[in-house]
Amino acid sequence: DAKTTQPNSMESNEEEPVHLPCNHSTISGTDYIHWYRQLPSQGPEYVIHGLTSNVNNRMASLAIAEDRKSSTLILHRATLRDAAVYYCILLSSGSARQLTFGSGTQLTVLP
Amino acid sequence: KAGVTQTPRYLIKTRGQQVTLSCSPISGHRSVSWYQQTPGQGLQFLFEYFSETQRNKGNFPGRFSGRQFSNSRSEMNVSTLELGDSALYLCASSLDRGAGGYTFGSGTRLTVV
């Protein structure tokens, strides 16, 4: 499986935008870029995904580099409830699909 | 609509016993995946079922097995429990084998003593 690299931790102030980076230099042309987050004592939660173009949904935006070797998850206004571990994952479109979780980025939101 | 339901929420078993965990996916979802989460190893993929067939399997011993029923509900079984099997077991369901995202349950916390 193609691997991703994320910073171990990041801090943000409440109500400010947060940009969470992810490097995936070995991504293949058919890999989707998925983001999940996990709040304490809960299962992971789907945030957003994309293939080549930037994507927006009610939770976040995903900016994908033109060469697809990196991406950035953007939370437009961080709240205390956004404090979680954020995982950037490459999901193959082939038959053997699985989410391969790395260690993720622990996001701390300061009031 | 109802989310992914896992039962039981908590379980304590003795080493050597076996255990069965249950997962009810979101209505209409035919793909169910299982993951193990431990503090040391993080989240690790166990297996995926789609339309009652195992489509993918992670790197776990044969003591870990699963199945999926015609209504898409899934069970996983762990036989001959070891202390190291203590973990949070998470189930995730998807409409399209994950392409549009997976929805996770809250998990079953298994403690082996």
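All of these numbers come straight from a predicted model, not from anything done at the bench. Atoms considered below: every heavy atom in the structure, side chains included; atoms not considered: hydrogens, waters and symmetry mates.
Residues passing the salt bridge (charged side-chain N to carboxylate O under 4.0 Å, His left out) test with A:R77 are A:E15, sequence neighbours excluded.
Using a 4.5 Å cut-off between non-hydrogen atoms, no part of residues 63-72 of chain B approaches chain A. Contact residues of residues 32-47 of chain B toward chain A are B:Y35, B:Q37, B:L43, B:F45 (heavy-atom distance under 4.5 Å). Heavy-atom neighbours of chain B within the stretch residues 33-71 of chain A, taken at a separation under 4.5 angstrom, comprise A:H34, A:Y36, A:Q38, A:G43, A:P44, A:Y46, A:H49.
The environment of CG in A:L110 is crowded: more than 12 heavy-atom neighbours from other residues, nucleotides or ligands sit within 6.0 Å. Annotation: A:F101, atom CZ; neighbour count of heavy atoms from other residues, nucleotides and ligands within 6.0 Å is above 12.
For the atom pair CD (B:E48) and CZ (A:R97), the distance works out to 8.0 Å, reported to the nearest 0.5 Å.
Taken together through direct or relayed side-chain contacts under 4.5 Å among Ile, Leu, Val, Met, Phe, Trp and Tyr, B:L21 and B:Y49 form part of one hydrophobic cluster. In this structure, B:F60 is a member of the same hydrophobic cluster as B:M76, with clusters built from ILVMFWY side-chain heavy atoms closer than 4.5 Å. Neither B:L88 nor B:I12 shares a network with the other; the hydrophobic side chains, linked directly or stepwise wherever heavy atoms of I, L, V, M, F, W or Y lie under 4.5 Å apart, form separate groups for each. Both B:L83 and B:L110 are members of a single hydrophobic cluster when ILVMFWY side chains are connected at heavy-atom separations under 4.5 Å. B:Y102 and B:I26 end up in different hydrophobic clusters when Ile, Leu, Val, Met, Phe, Trp and Tyr side chains are linked at under 4.5 Å.
The contact between A:L99 and chain B is made by backbone and side chain atoms together, counting heavy-atom distances below 4.5 Å.
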